[in-house]
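Counting convention: from 1, in listed order, for ligands and their atoms alike. Just the heavy atoms: all of them, side chains too, but no hydrogens, waters or symmetry mates, feed the values below.
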Amino acid sequence: MTKRIRKAVFPVAGLGTRFLPATKAVPKEMLTVVDRPVIQHVVDEARAAGIEHFVFVTGRGKGAIEDHFDIHFELDRTLADRGKTKELEVLKAALPDAGQTSFTRQQAPLGLGHAVWCARDIIGDEPFALLLPDMLHFGKEPCLAGMIDAHGRHGGNIVAVYEVPDSETHQYGIVGIRDEKGEMAITQMVEKPAKGTAPSNLAISGRYILDPSIFDILATQERGAGGEIQLTDAMITLAKSAPFYAHRFDGTIYDTGTKLGFMMANVAYGLAREDLGPAFKVELDKLLGL
Ligand code: G1P
């Protein structure tokens with residue numbers, strides 16, 4: 001029997017230097033794709049997959065994220081007084097229930113592996129989901145829901161992957177795979193391989209289901225690529241004693257940590273909106289002279 005995935009970790013301590021000056025006073029996770037912050041899109045993906053507890057690993061200056069997932073009493077009251085029920089519903093739909101969120105701090109920027117390790121006490125001894133908020137997974141089925149289904153079928157650790165061009169493999173964690181009864185078993189993992197050395201072009205896309213034993217490994221993990229404590233390095237150690245599967249996401253992934261990815265996400269999510277899409281398309285066509 002596999003244990004149900006109830007908790008998800010969201011590392012949100014990063015400084016967002018690639019997005020300055022926008023992220024000087026605003027956490028990068030609060031930048032909006034259409035009308036909701038990036039972090040809201042990712043939390044919604046987790047909720048759609050049945051996650052019940054949302055663990056944010058934050059840092060200095062990230063208070064807006066905490067406020068975003070809390071009740072804003074004066075705002076609710078004012079909207080209610082003005083009869084703005086639609087807006088109230090939007091706010092309510094975005095709000096986790098009381099007690100469903102936890103916030104802990106990564107006190108120093110030591111890497112993704114270290115950020116995940118900071119959540120160890122809140123996660124405890126159960127398998128958990130990890131979602132990197134920069135990466136928006138846009139498709140018919142939410143990515144994490146598909147991964148949790150797969151976990152129910154075969155258990156183990158699961159990493160979502162997508163194909164990237166050869167020229168980009170050095171920017172990601174890359175996996176090698178082999179077919180195992182119709183599932184993609186991971187045979188190799190490497191964080192940011194040097195150009196020309198990647199085992200495939202399947203990149204880790206920022207969605208994981210991990211066994212809690214990863215925390216003991218992270219506790220002693222040495223610094224890897226970029227001088228940071230890398231999650232991928234800890235996964236390589238865990239893979240020596242536990243199965244790892246790749247889950248190919250059927251959709252498009254936008255890296256909102258880059259300017260181009262962020263702008264493309266706004267276009268894709270905007271066009272997909274029933275209320276905004278048609279009018280947006282007309283304007284885009286005009287702009288492009290189509
Ligand atoms: C992290 C992971 C990497 C993964 C990437 C996806 O890297 O370490 O394996 O492919 O996220 O965005 P980062 O983007 O933090 O350098």
Side-chain angles (χ1 to χ4, degrees), residues 8-19 23 27-29 31 33 38-39 41-42 45 56-59 106 108-119 129-138 143-144 147 157-177 184 186 188-195 197-210 214 217-218 221-239 244-249 251-262 264-265:
V9 176
F10 303 84
V12 292
L15 289 175
T17 49
R18 286 188 291 180
F19 245 100
T23 47
K28 62 174 174 161
E29 297 79 9
L31 299 181
V33 169
V38 166
I39 187 67
H41 286 279
V42 185
E45 179 190 333
F56 299 87
V57 181
T58 74
Q106 183 186 23
L110 299 178
L112 177 60
H114 179 257
V116 173
W117 180 72
C118 291
L130 166 67
L131 299 95
L132 308 190
D134 278 354
M135 304 298 272
L136 287 187
H137 288 55
F138 177 76
C143 181
L144 188 64
M147 294 171 72
N157 300 273
I158 308 178
V159 178
V161 297
Y162 72 127
E163 252 165 70
V164 297
D166 288 342
S167 59
E168 290 178 16
T169 49
H170 66 287
Q171 298 170 15
Y172 296 95
I174 303 289
V175 305
I177 55 161
M184 295 194 293
I186 294 182
Q188 230 182 318
M189 287 185 264
V190 50
E191 182 66 20
K192 308 209 168 77
K195 281 189 181 162
T197 67
S200 77
N201 45 15
L202 290 178
I204 297 175
S205 72
R207 301 290 183 270
Y208 310 76
I209 289 177
L210 293 169
I214 195 83
I217 300 169
L218 283 170
Q221 185 63 56
E222 289 184 3
R223 289 169 190 246
E228 297 191 338
I229 298 174
Q230 293 290 352
L231 176 66
T232 306
D233 293 344
M235 294 198 300
I236 292 168
T237 305
L238 181 56
F244 262 83
Y245 299 94
H247 175 86
R248 202 190 283 256
F249 173 60
T252 311
I253 294 171
Y254 297 100
D255 183 352
T256 65
T258 70
K259 288 171 192 152
L260 200 59
F262 178 78
M264 286 309 298

**Q** Can you see which heavy atom on Val190 is nearest to which on Pro199, and at what distance?
**A**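 Result for this residue pair: CG1-CD, 3.5 Å.
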**Q** Val42 pairs by side-chain contact (heavy atoms from CB on, under 4.5 Å) with which of Glu29, Arg207, Met135, His137?
**A**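 Going through Glu29, Arg207, Met135, His137 one by one, the side-chain contact (heavy atoms from CB on, under 4.5 Å) with Val42 is satisfied by Arg207 alone.
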**Q** Does His41 reach the main-chain N or O of Leu136 with its side chain, forming a donor-acceptor pair under 3.5 Å?
**A**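 Judged by distance alone, no pair lies under 3.5 Å.
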**Q** If you count the atoms of ligand 1 from 1 in the order shown, which ones are under 4.0 Å from a heavy atom of Leu132?
**A**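 Checking each atom against Leu132, I get 1 (C), 11 (O).
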**Q** List every atom of ligand 1 that sits less than 4.0 Å from any heavy atom of Thr232, numbering the atoms from 1 in the order shown and giving each element.
**A**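 Near Thr232, the atoms of ligand 1 are 9 (O).
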**Q** Between Met135 and ligand 1, which part of the residue brings a heavy atom under 4.0 Å of the ligand: side chain, backbone, both or neither?
**A**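 Near ligand 1, Met135 shows its side chain, while the N, CA, C and O stay back.
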**Q** For Arg18, which residues count as a side chain to side chain donor-acceptor pair (under 3.5 Å) partner, sequence neighbours excluded?
**A**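 Side chain to side chain donor-acceptor pair (under 3.5 Å) check on Arg18 returns nothing, list empty.
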**Q** Is there at least one pair of N or O atoms, one from Glu191 and one from ligand 1, spaced under 3.5 Å apart?
**A**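 Checking ligand 1 against Glu191, an N or O pair does fall under 3.5 Å apart.
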**Q** Counting only heavy atoms not in Leu15, do more than 12 fall under 6.0 Å of its CG?
**A**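 No, the 6.0 Å shell around CG holds no more than 12 heavy atoms from other groups.
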**Q** Residue-level breakdown please: for Asp255 versus ligand 1, do any non-hydrogen atoms fall below 4.0 Å on the side chain, on the backbone, on both, or on neither?
**A**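 It is neither; nothing of Asp255 touches ligand 1.
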**Q** Do me a favour and list the nearest non-hydrogen protein atom to atom 13 (P) of ligand 1 with residue, atom name and distance?
**A**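 Result for atom 13 (P) of ligand 1: Lys192 NZ, 3.6 Å.
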**Q** Just distance, no hydrogens or angles: give the donor-acceptor pairs under 3.5 Å from side chains in residues 158-167, sequence neighbours left out.
**A**
from   : atom 1 : to     : atom 2 : distance (Å)
Tyr162 : OH     : Tyr172 : OH     : 3.3
Glu163 : OE2    : Arg248 : NH1    : 2.7
Asp166 : OD1    : Asn201 : ND2    : 3.3

**Q** Out of Val164, Val190, Ile204, Thr258, whose heavy atom sits nearest atom 10 (O) of ligand 1?
**A**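 That would be Ile204.
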